[in-house]
Amino acid sequence: MLLAALVIMPLLGALAAYATVRGQRAWLLAVALLHLGLTGSAWLVPPAPAFDGWLALDALGLLVLSAVSLLFAVVALYVQSRATVGSAGRGFAAWLLTFLAAASLVAVSHHLALLWVGMEGTTLALAPLIFLRRDRRSLEAVWKYLVISSVGIALALLGTFFLATAQGDLAPGARPLVLEDLVAGAGGLHPVWLKAAFIFLLVGYGTKLGLAPMHTWKPDTYGEAPALVAALMAGGLTSCAFLGIARVSEVTAAAGLADFTRPPLVAFGLVSLAVAAAFVIGQSDVKRLLAYSSVEHVGLLVLGLGLGGAGAYGSVLHLVNNALAKGFVFLAVGTILAAGVGRAAGSLRAAPVSGMLLLVGLFAITGSPPFGMFLSEFTIVRAAWAGGHPWIAAVMLTLLALIFVGLAGTILELLFHSPPGQQPRVRESGWVVVGPAVLAAGVLLLGVAIPDPLQDALARAATALGGAAP
Amino acid sequence: MTLWTVVDLGVVLVLAPALTGVAARTKSLLTGRRGAPLLQPYRDLVRLWRKGAVYSTTTTWMFRFAPVAAVVTTFSATLLVPFDGQDAVIRFSGDFVALAGLLGLGRFTLILAALDTGSSFEGMGASRDATFATLVEPALFTSFIVLALVTGERSLSGMLGSGTTAAWGHAAPSLAMVAVSLFFVLLAEGSRVPVDDPATHLELTMIHEVAVLDHSGPDLALLLYGGALRFGLFAALPVGVLAARGTLPAPLGAAVLVLGSLVIAALVGVVESSMARLRLSRVPQFLVAATVLAALGVILQVLA
Amino acid sequence: MSLDRLADLLLLLVLLTGFLILGTTRLTTCIRGVAAQGALIGALPLVLQPHWTAHTVGLATGTIAIKAVVLPWFLTWAIREAAVRREVEPRVGYLASMALGVAAVAAASAVAARLPIPGEHSHLLVATSLSGVIMGLLVLATRAKALIQVVGYLMLENGIYIFGLTSLDRVPFLVEIGVLLDVFVGVFIMGIVVFHINREFDSLDSARLSELKD
């Protein structure tokens with residue numbers, strides 16, 4: 001019942017928020033905290049599978065669910081400040097909660113068609129949120145987003161159909177498209193259909209993830225959407241989309257097709273890193289800059305998955321890090337931009353707390369120690385080295401260094417270079433600061449000392465993906 | 001080669017003008033008119049034959065030679081087609097290439113004759129005619145390729161004969177595509193709507209008409225007959241694909257040939273009355289569509 | 001005619017409508033083509049399964065209703081509302097589009113011939129499905145007009161639906177999930193109408209044409 005509640009409760013909250021215009025922020029916060037509480041209880045008492053195994057929570061799902069839930073709660077806190085959403089219409093809280101419901105569905109569903117429905121739900125729920133400002137540029141952004149994402153979702157559906165075909169005639173008692181039965185019967189799956197399913201699911205969900213070369217919607221969308229929506233997308237949507245790819249990887253790993261699946265994963269990962277490195281340099285719009293950084297990070301996620309071994313552990317750790325880090329960076333940027341501080345120039349003086357958070361965030365998302373991302377990126381590099389692919393490690397390090405240079409160049413200038421004239425000081429209320437600060441602390445914690453329950457979950461997730469904890 | 005091969009060839013030679021008459025009559029009836037009598041084309045031929053010819057002073061021997069060449073090449077082409085559903089007068093492996101070549105040669109002499117007049121108007125018509133002829137060739141050849149794949153034969157007599165009858169059992173989709181594609185080829189080679197309007201009197205809309213504009217008297221009679229014979233030949237191709245005559249007794253096969261040709265001619269009349277001629281820049285699309293249909297037939301055949 | 005033949009005929013007609021959409025110059029012909037495709041596809045479950053269950057009939061009726069009636073009507077309404085010019089504006093010429101379509105069918109058939117087909121379905125089913133997907137992507141990529149891109153998306157969706165039919169007897173509700181893709185189509189059309197998205201943002205202010213780029 002807990003699992004169903006995780007999905008249904010945000011939906012009900014969305015309806016309530018839509019009905020009450022004035023109280024929608026309150027509803028948003030209440031449901032978000034309730035959801036966070038339920039997720040926390042899932043850590044303490046693992047919930048039983050529901051609906052004949054269609055909904056279940058394994059380690060990987062729990063990690064994604066927690067990341068999304070925590071990020072959403074922080075965003076809900078952030079939204080309480082009136083300055084952040086401006087003149088948004090009556091529906092924005094409802095759409096946010098619908099997104100939460102869909103993302104929860106993706107995290108808890110072990111039936112791969114249901115997972116697809118959840119992904120489609122996230123795509124649809126985000127569209128009105130991207131279009132919050134209702135001007136020409138955001139219209140263009142949301143149109144591009146919808147067209148590219150819908151093609152990706154359609155291809156993912158075809159991949160899901162292929163997976164069903166791979167199952168062929170089912171053994172008695174086997175449930176079609178349920179993860180456990182797919183993994184258990186992996187030896188009996190038609191290899192050709194399974195390979196085709198993997199490719200289509202990788203491309204389809206990869207489009208949602210923002211892997212290059214299907215990333216073209218990302219800069220425009222992240223650039224035009226409000227920062228809090230971009231935070232949810234960079235942290236939440238990417239985690240859900242990665243989960244889609246990870247699920248099919250579990251099946252292919254169990255079927256022994258690792259030699260087939262690894263090269264495409266590594267290829268997409270490296271190409272994403274390269275594209276990010278190329279476009280990050282000289283990018284002056286900070287949200288677009290962060291979009292390319294997001295392309296880099298999802299590239300790392302997929303690269304780690306493709307390297308196997310400790311790389312899978314690195315990927316899962318990176319998933320959590322990415323959700324938290326991107327979350328607070330985008331929210332900090334949002335505060336700075338929302339106060340009308342030009343192109344965030346001179347923000348350290350104008351908005352000291354958020355500016356400091358942005359500075360911290362720069363180091364976090366580029367993988368500097370002692371932050372968590374350093375640990376996950378280092379694990380992936382070590383996996384490349386240990387797996388006998390030293391050149392991959394070398395390329396990775398080069399590209400990461402380039403990305404650091406690009407990001408640092410733009411963000412540092414934005415933070416410190418003040419344009420002439422008096423910069424207005426931004427009023428940073430508690431709402432907009434507390435949440436991001438918590439997330440930043442979380443990323444720091446992950447880099448220094450990972451708590452045991454988390455470590456355990458990470459290890460179990462890595463094992464399911466065909467890897468191992470280092 | 002049997003007696004019936006020659007008889008069927010004779011039937012086609014005699015019946016060809018009637019087919020154009022049927023097409024014109026059908027079109028008239030469908031557009032609310034009574035139309036010319038069915039045998040009008042014959043009367044036209046006789047009338048023209050009795051007249052004298054007028055030659056422009058700019059023309060040379062090519063202009064006088066072309067009508068004869070056109071009829072002779074078309075007649076030679078008919079010798080290659082198995083009208084009785086089993087055998088043609090002349091058959092050899094790869095004769096479908098010779099068919100296309102002979103028809104092309106006839107068209108070539110007509111184009112030369114048009115250029116011979118020295119008028120730019122005829123030149124324009126000739127160039128358009130040549131362009132469309134070029135675009136029809138792939139459709140024709142692709143259809144033949146499908147037939148060759150389906151029946152395994154390399155000669156027209158085999159491709160349009162009993163092999164096709166048996167092939168309908170397992171290659172029906174491909175053969176259906178080929179039949180439609182050959183119908184489109186008929187519309188193109190016979191200069192019918194939607195490729196060209198044979199009844200137009202506006203100079204700017206003429207394509208094939210331009211090429212024959214300057215001929216008169218017996219020359220024109222020869223050209224009209226050659227055109228009708230070409231129509232009859234191309235009408236017999238889809239009949240050969242669609243109507244399974246391989247196992248029928250010979251007289252019945254001849255009757256099926258006549259009936260099938262008349263049906264195809266009527267169908268052409270229906271198409272002419274229901275569509276307008278395509279814009280000049282759209283005609284290549286139509287011809288490519290014919291090729292695409294035949295190509296689909298190839299793919300479906302190879303897939304199976 | 002046996003049911004197998006009827007199914008093959010329907011699939012063949014689906015391929016032909018795909019070519020019609022690739023080769024035509026008129027917007028309304030494209031919409032009629034995709035409506036015809038939807039009707040043919042809706043009839044396919046009835047033909048593929050000799051024993052009709054309530055589920056099969058319901059699926060067929062629903063599919064025909066949505067794909068052949070509602071969505072084409074919606075598209076036609078959008079043409080009137082947004083006052084769209086009736087001519088398709090392709091970036092790749094019609095002849096090249098048709099040639100690419102033939103290449104798509106050839107590639108799809110070649111792939112389908114090598115795949116082990118589930119159940120007793122014919123190779124033509126998988127070939128048509130993959131051809132539909134490729135032709136839909138082709139239309140999406142080579143047409144500049146937003147409404148034609150929606151038509152292309154519908155073709156893509158139809159191709160995926162046909163493939164789903166191979167799992168109809170084993171995983172009953174999989175095919176219905178594909179209908180959820182139609183929700184996207186509805187959203188697109190609404191977007192086009194409400195915001196007058198004509199040609200990828202060419203229509204309104206061409207000075208701000210490609211504002212978003214690096």
Side-chain angles (χ1 to χ4, degrees), chain A residues 113-114 116-117 120-121 123-124 127-128 131 134 136-144 146-151 153-170 175-177 190-193 196 200 216-217 219-221 223-224 278-280 282-285 288 292, chain C residues 111 114-119 121 126 129-130 132-133 136-137 140-141 146 149-150 152-154 156-157 159-178 180-181 183-188 191-192 194-197 200-201 204-205 208-214:
Chain A
L114 204 56
W116 179 87
V117 172
E120 170 162 359
T123 310
L124 288 171
F131 190 51
R134 295 182 191 275
R136 256 194 74 79
R137 292 176 60 114
S138 47
L139 181 62
E140 183 176 344
V142 78
W143 180 257
K144 270 193 200 171
L146 271 180
V147 172
I148 300 181
S149 295
S150 61
V151 173
I153 286 280
L155 291 178
L157 182 64
L158 190 58
T160 313
F161 281 174
F162 285 164
L163 205 53
T165 314
Q167 271 189 303
D169 291 317
L170 298 160
R175 298 156 293 180
L177 282 182
H190 288 289
V192 174
W193 288 113
F200 272 85
T216 46
W217 58 272
D220 300 334
T221 309
E224 298 310 314
F279 282 93
V280 141
Q283 178 66 248
S284 55
D285 182 332
R288 291 176 76 94
Y292 283 111
Chain C
V111 170
R114 278 175 188 55
L115 290 171
I117 307 293
H121 300 282
V126 177
S129 140
L130 293 176
V133 168
L137 287 172
L140 263 172
Q149 289 182 330
V150 175
Y153 190 74
L154 277 171
L156 171 65
E157 207 192 309
I160 297 178
Y161 184 90
I162 296 178
F163 190 86
L165 290 176
T166 60
S167 315
L168 192 58
D169 31 4
R170 285 177 304 113
V171 190
F173 292 99
L174 207 55
V175 185
E176 274 86 332
I177 289 180
L180 283 176
L181 286 175
V183 176
F184 276 114
V185 180
V187 172
F188 287 149
I192 290 174
V194 175
F195 299 105
H196 297 279
I197 299 171
E200 293 202 340
F201 297 86
L204 294 182
D205 202 341
R208 299 165 71 189
L209 170 55
S210 8
E211 255 186 82
L212 300 178
K213 63 169 187 248
D214 289 308

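Lettering of chains follows the sequences in order, A, B, ..., and the numbering in each one begins at 1. As the structure is a computational prediction, the values presented were derived from the model and not from experiment.
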**Item:** Interchain contact, C:Ile160 with chain A, by part (heavy-atom threshold 4.5 Å)
**Value:** both
**Request:** Measure the acute angle between the ring planes of C:Phe163 and A:Phe161, then classify it against the limits of 30° and 60° as parallel, tilted or perpendicular.
**Result:** parallel
**Complete:** For C:Ala146 and A:Trp143, the nearest pair of non-hydrogen atoms, with its separation, is CB-CZ2, 4.0 Å
**Fill in**
Honestly, the part of A:Val142 sitting under 4.5 Å from a heavy atom of chain C is neither
**Asked** How long is the gap from CG on A:Leu158 to CG on C:Leu130, to the nearest 0.5 Å?
**Response** 7.0 Å
**Complete:** Scanning both residues in full, the closest heavy-atom pair of C:Tyr153 with A:Ala154 reads OH-CB, 3.9 Å
**Complete:** Residue from A:Ala196, A:Ala164, A:Ala127, A:Gly223 scoring the most non-hydrogen pairs under 4.5 Å with chain C is A:Ala164
**From A:Thr165 atom OG1 to C:Leu115 atom CG, the distance as rounded to the nearest 0.5 Å** = 9.5 Å
**Request:** Name the region of A:Thr123, side chain, backbone, both or neither, that has any atom closer than 4.5 Å to a heavy atom of chain C.
**Result:** side chain
**Item:** Side chain, backbone, both or neither of A:Phe162 within contact of chain C (heavy atoms, under 4.5 Å)
**Value:** both
**Request:** Please determine, among A:Ile153, A:Val151, A:Thr160, A:Leu155, the option with the most heavy-atom pairs under 4.5 Å with chain C.
**Result:** A:Val151
